[in-house]
Amino acid sequence: MKNYFLITLFLFLSSILLAQTPKTYINAAGDKHLAGEFKLETLKSDSSYQTWYVENERLFNLSGKNTDWKNAFENSEVEIFLGTWCGDSKRWVPQFIKLWKELGLEESQLKFTALYDGEELYKQGPNGEEKGKLIHRVPTFIFKKEGKEFSRIVEFPVNDLETDLAQIALGYASEPNYRAATYLLELFESEPLDSVYRHVQTHFNNVYRLVGKEKELNTLGYVFKYSGRLPEALLTFEINSAIFPYSPNVLHSYGEALMADNQKDRAIQLFKRVIELEPDNETAANQLKQLQDEIENVKANN
């Protein structure tokens with residue numbers, strides 16, 4: 001009976017310990033990073049993150065202006081998606097937390113989730129924590145009240161952190177960064193893909209008016225590609241290549257997605273165009289040769 005009690009106690013304590021230990025992984029560069037939900041104390045105390053957390057926390061200072069608007073956040077929570085491998089996360093998350101606490105708001109209102117880097121699980125959580133949240137850049141701060149989102153900050157503030165929070169609190173937040181990517185994310189969540197294609201010219205025009213730099217949709221395309229949503233990735237890359245037809249990087253990304261979809265002829269055309277624009281692109285040249293060899297082998301065996 002005594003042994004049974006000790007075993008039960010051991011298992012109970014072990015489960016508590018495991019629940020309190022955040023999930024980590026080693027990325028391709030050999031660095032340790034967080035994955036999934038974790039407590040703020042981890043960033044403050046773990047030597048893998050402590051240095052950049054403390055350094056960037058010091059960068060923020062409250063302006064000293066009237067902050068009565070902070071009362072609007074008293075019954076709110078903020079979901080913070082970040083990457084401990086991401087420069088913008090390292091910069092803005094510590095500053096946001098310092099601002100939040102200096103406003104007298106509670107740390108318990110903040111929920112932290114770390115996402116993977118690398119290709120296989122790019123910007124995904126170990127348990128799909130990002131699904132349905134329209135996450136394509138980190139950090140993303142999602143402001144919620146009674147479980148419903150009412151605003152967000154994507155990657156970095158539009159103005160500065162204090163101004164952005166004040167605008168959100170007062171009900172006239174600036175449009176978040178990356179409006180074209182957000183447009184496509186919301187579109188793919190609300191409409192089946194065949195419907196999107198039927199109205200693709202309208203959607204293209206809307207995206208064209210919203211898009212910033214070429215990396216905006218390129219990053220989104222990879223988010224779709226590595227999360228198993230290749231059809232959405234292909235359309236995203238296609239739209240981006242129509243907007244930036246002279247960018248070797250954009251065309252190369254689209255070519256790789258076509259290659260993954262076994263659309264070899266179209267991928268070959270794009271890799272050839274990449275090499276025309278960027279003759280020293282060895283990756284595109286190798287991929288072009290690989291596809292041409294595969295096609296020739298098929299012909300030889302038929």
Quiz item: Which one of E77, E37, E129 satisfies the salt bridge (charged side-chain N to carboxylate O under 4.0 Å, His left out) criterion with K111?
Solution: E37

When the side chains of residues 49-58 are checked against the rest of the protein, which donor-acceptor pairs come out under 3.5 Å, sequence neighbours left out?
{"residue": "Q50", "atom": "NE2", "partner": "K44", "partner atom": "O", "Å": "2.9"}
{"residue": "N56", "atom": "ND2", "partner": "W52", "partner atom": "O", "Å": "2.8"}
{"residue": "N56", "atom": "ND2", "partner": "K90", "partner atom": "O", "Å": "3.1"}

Practice problem: State whether a side-chain donor-acceptor pair under 3.5 Å links Y25 with D117. | Solution: yes

Quiz item: Do H203 and Y183 get their side chains close enough for a donor-acceptor pair, meaning under 3.5 Å?
Solution: yes

Quiz item: When you measure from the centre of the six-membered ring of F150, is the NZ or CZ of K145 under 6.0 Å away and within 45° of the axis?
Solution: yes

Practice problem: List in chain and number order the residues that pass salt bridge (charged side-chain N to carboxylate O under 4.0 Å, His left out) with E106, two or more places apart in sequence or in another chain; answer none if no residue qualifies. | Solution: none

Quiz item: Side chains of S174 and Q167: do they bring a donor and an acceptor to under 3.5 Å?
Solution: yes

Quiz item: Is the NZ or CZ atom of R152 positioned over F141's six-membered ring, under 6.0 angstrom from the centre and within 45° of the axis?
Solution: no

Exercise. Please determine, by modelled atom types, if Q287 and H252 share a side-chain donor-acceptor pair under 3.5 angstrom.
Key: yes

Sequence neighbours excluded and cut-off under 3.5 Å, please list the side-chain donor-acceptor pairs for residues 192-202, or say none.
{"residue": "S195", "atom": "OG", "partner": "E191", "partner atom": "OE1", "Å": "2.8"}
{"residue": "H199", "atom": "ND1", "partner": "S195", "partner atom": "O", "Å": "3.0"}
{"residue": "Q201", "atom": "NE2", "partner": "N205", "partner atom": "OD1", "Å": "3.1"}

Quiz item: Taking atom types as modelled and ignoring hydrogens, do the side chains of Q292 and E296 form a donor-acceptor contact shorter than 3.5 angstrom?
Solution: no

Exercise. Count the heavy atoms belonging to other residues, nucleotides or ligands that lie under 6.0 Å from NZ of K133, then report whether that count exceeds 12.
Key: yes

